[in-house]
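Numbers restart at 1 for each chain; the letters A, B, ... are given by sequence-line order, proteins then strands.
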There are 2 protein chains.
Amino acid sequence: MNFSRTTEYALRIMSFMAMNEQKLYSANEIYANLKIPFRYLRKLLTTLSKSGLLISVQGKSGGYRISKDLSEISLLDIIQQTGDNKFKNECFFGFHDCAFVKKCAMHDKWAAVRENINQVLTTTTLEEIKETGPHSFISNNNSVFTKND
Amino acid sequence: MNFSRTTEYALRIMSFMAMNEQKLYSANEIYANLKIPFRYLRKLLTTLSKSGLLISVQGKSGGYRISKDLSEISLLDIIQQTGDNKFKNECFFGFHDCAFVKKCAMHDKWAAVRENINQVLTTTTLEEIKETGPHSFISNNNSVFTKND
DNA sequence: CATAAATGATACCTTTGGGTATTATTTAGA
DNA sequence: TCTAAATAATACCCAAAGGTATCATTTATG
Ligand code: SF4
Ligand code: SF4
């Protein structure tokens, strides 16, 4: 399935930080582990901070820390912070104004799919992710990018 | 849920044409019913023709017709022609190289979601869509665009 | 056979998401 | 108190998707 790249980044970041939930991570340290393009990572981290999922500490030896209890952060919570407003109650065909005096074949089927997805995303929390680790946190993506900061 | 706009267009086009599966539709006629930006619609129609889902007839009084029996065209068939290669067997987090000596919490859950989606998309054919019509084929999107061709 | 009405091909423009560069601010600690 | 190491803010750049414009080709029909 496909979320936006940004959403995938956010999911990785939060999952990674959940491995040590009290710890204050610097952007450098996250970069070292996740290899997300550094400056973009920086931007994303401040976004996540503003959204309330992370707390940021400025100054030397500053960084980011997860703001709430892991059990209170669902994967959907994370996904919603990065603009991926998928899984809303939309028409399968992308219509905004279907009258459906009689529903088409996809209406209920697709509603069930959405329900299924939402169920998984809202009930799975970072706590569960932490417990079931480890998974690989280094993405190859065989892409090479520079850090220089 | 979100497919690309182009995929949504393709789904609408094919579903609409399925309502009268033998008929030769001109781009003009499809435009009149679906209000997809005209020149983009034209482009898409030739794409669908090249992909084999439609047969095109050139010249005056030409147009497009669905190429196969409706029961042989699944929604997934349509989706796959427009580059939306979603629902592949990918990692939830977007990793390409997870070792998973021990699978993370999302691995099987997400595989089940994908399976669910694929099931719906491969088993639902245009025939079924035709039978369960009508649904609205006019999208408002309150967007105004010109035709001029 | 000329014309009109259709599709085909191709190049270009625009918007958006992803990514980079630069400068400013905060703060621990020598 | 100066410096280094961190985050914050802002503006810019690039590539891909969506959309437009132009011209060429096909063919029914007068
Ligand atoms: S009936 Fe079909 S076309 Fe209408 S809103 Fe539901 S899914 Fe969309
Ligand atoms: S175990 Fe988790 S991280 Fe690894 S491939 Fe499966 S879903 Fe992705």
Side-chain angles (χ1 to χ4, degrees), chain A residues 2-10 12-13 17 23-32 34-51 54-65 67 79 81-86 94 139 141 143-149, chain B residues 2-10 12-13 17 23-32 34-51 53-65 67 81-86 94 139 141 143-149:
Chain A
N2 284 3
F3 298 99
S4 70
R5 220 178 188 79
T6 304
T7 294
E8 285 183 353
Y9 289 162
R12 290 184 202 170
I13 291 167
M17 293 177 73
K23 179 172 175 179
L24 196 70
Y25 290 90
S26 71
N28 274 291
E29 191 168 359
I30 296 172
Y31 170 78
L34 299 185
K35 297 297 181 196
I36 295 166
F38 186 69
R39 298 185 133 103
Y40 197 59
L41 168 65
R42 294 273 314 281
K43 203 197 266 184
L44 227 183
L45 285 168
T46 73
T47 299
L48 291 172
S49 296
K50 286 194 203 163
S51 80
L54 297 181
I55 290 172
S56 81
V57 176
Q58 292 193 54
K60 187 166 180 174
S61 77
Y64 306 87
R65 177 176 26 236
S67 67
I79 291 169
Q81 297 311 324
T82 53
D84 258 0
N85 280 358
K86 302 179 197 266
S139 169
N141 273 346
S143 57
V144 181
F145 34 77
T146 49
K147 180 167 174 296
N148 64 25
D149 207 348
Chain B
N2 283 6
F3 298 98
S4 70
R5 223 179 183 79
T6 304
T7 295
E8 286 183 354
Y9 289 163
R12 291 184 200 169
I13 292 167
M17 293 177 73
K23 178 173 173 177
L24 196 70
Y25 290 90
S26 71
N28 274 289
E29 191 168 0
I30 296 172
Y31 171 79
L34 299 186
K35 297 297 181 196
I36 295 166
F38 187 68
R39 299 185 134 103
Y40 198 59
L41 169 65
R42 294 270 315 281
K43 204 198 263 184
L44 227 184
L45 285 167
T46 72
T47 300
L48 291 172
S49 296
K50 286 194 204 163
S51 80
L53 290 177
L54 296 180
I55 291 172
S56 80
V57 176
Q58 292 194 55
K60 187 165 181 173
S61 77
Y64 305 87
R65 176 175 24 234
S67 67
Q81 297 312 322
T82 52
D84 259 358
N85 281 357
K86 302 178 196 269
S139 169
N141 274 342
S143 56
V144 181
F145 34 77
T146 49
K147 181 168 174 293
N148 65 23
D149 207 349

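Rounded to whole Å, the distance from CG on B/Leu44 to C1' on D/dG18 is 10 Å. Between the CD1 atom of B/Ile55 and the C1' atom of C/dA6 there is a distance of 17 Å, given to the nearest Å. A/Ile30 places its CD1 atom 12 Å from the C1' atom of D/dT7, with the value rounded to the nearest Å. One interatomic measurement links the two molecules: CG of B/Leu54 to C1' of C/dA6, which rounds to 15 Å at whole-angstrom precision. Between the CZ atom of B/Arg42 and the P atom of D/dT25 there is a distance of 15 Å, rounded to whole Å. Put simply, CD on B/Glu8 is 14 Å from C1' on D/dA17, counting in whole angstrom units. The distance between atom CG of A/Leu41 and atom C1' of C/dT20, rounded to the nearest whole Å, is 13 Å. In this structure, B/Phe3 places its CZ atom 14 Å from P of D/dG18, rounding to the nearest Å.
With C/dA9, C/dA6, C/dG8 as the choices, the nucleotide that has an atom nearest any side-chain atom of B/Thr46 turns out to be C/dG8. Nearest nucleotide to the B/Ser26 side chain, out of D/dT20, C/dT7, C/dG19: C/dT7.
With sequence neighbours excluded, the residues forming a side-chain hydrogen bond (donor to acceptor under 3.5 Å, both in side chains) with B/Thr82 are B/Thr7, listed by chain and number. Every residue two or more places apart in sequence or in another chain that forms a side-chain contact (heavy atoms from CB on, under 4.5 Å) with A/Leu24 is listed here: A/Val57, A/Arg65. For the side-chain hydrogen bond (donor to acceptor under 3.5 Å, both in side chains) test, residues two or more places apart in sequence or in another chain that qualify with B/Lys23 are B/Glu29. With sequence neighbours excluded, the residues satisfying side-chain hydrogen bond (donor to acceptor under 3.5 Å, both in side chains) with A/Thr6 are A/Tyr40.
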Nucleotides 26-30 of chain D: which of its N/O atoms have a protein N/O under 3.5 Å away?
unit_1	atom_1	unit_2	atom_2	d
D/dT26	O4'	B/Gln58	OE1	3.4
D/dT26	O2	B/Gly59	N	3.3
D/dT27	O2	B/Lys60	N	3.3

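Interatomic distance, A/Tyr9 OH to A/Leu44 CG, rounded to the nearest 0.5 Å: 9.0 Å. Atom CD of A/Glu8 is separated from atom CZ of A/Arg12 by 5.5 Å, given to the nearest 0.5 angstrom. Atom CD1 of B/Ile13 and atom CD1 of B/Ile36 lie 4.0 Å apart (nearest 0.5 Å). Put simply, OH on B/Tyr64 and CG on B/Leu45 are 5.0 Å apart, with the number rounded to the nearest 0.5 Å.
With hydrogens and angles disregarded, a donor-acceptor distance shorter than 3.5 Å links the side chain of B/Ser67 to the backbone of B/Leu53.
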Could you write nucleotides 12-17 of chain C as a row of B, S and -, 5' to 3', where a protein heavy atom under 4.0 Å of any base atom gives B, of only sugar-phosphate atoms gives S, and otherwise -?
------
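Between A/Tyr9 and C/dG19 there is a side-chain polar atom (N or O) within less than 4.0 angstrom of OP1 or OP2. For the OP1/OP2 pair of C/dA6 and a distance below 4.0 Å, the side-chain nitrogens and oxygens of B/Tyr64 include no atom meeting the criterion. At C/dA5, none of the side-chain N or O atoms of B/Asn28 fall inside 4.0 Å of OP1 or OP2 (strictly under the cut-off). In this structure, A/Arg39 does not reach the C/dG19 phosphate: none of its side-chain N or O atoms is under 4.0 Å from OP1 or OP2.
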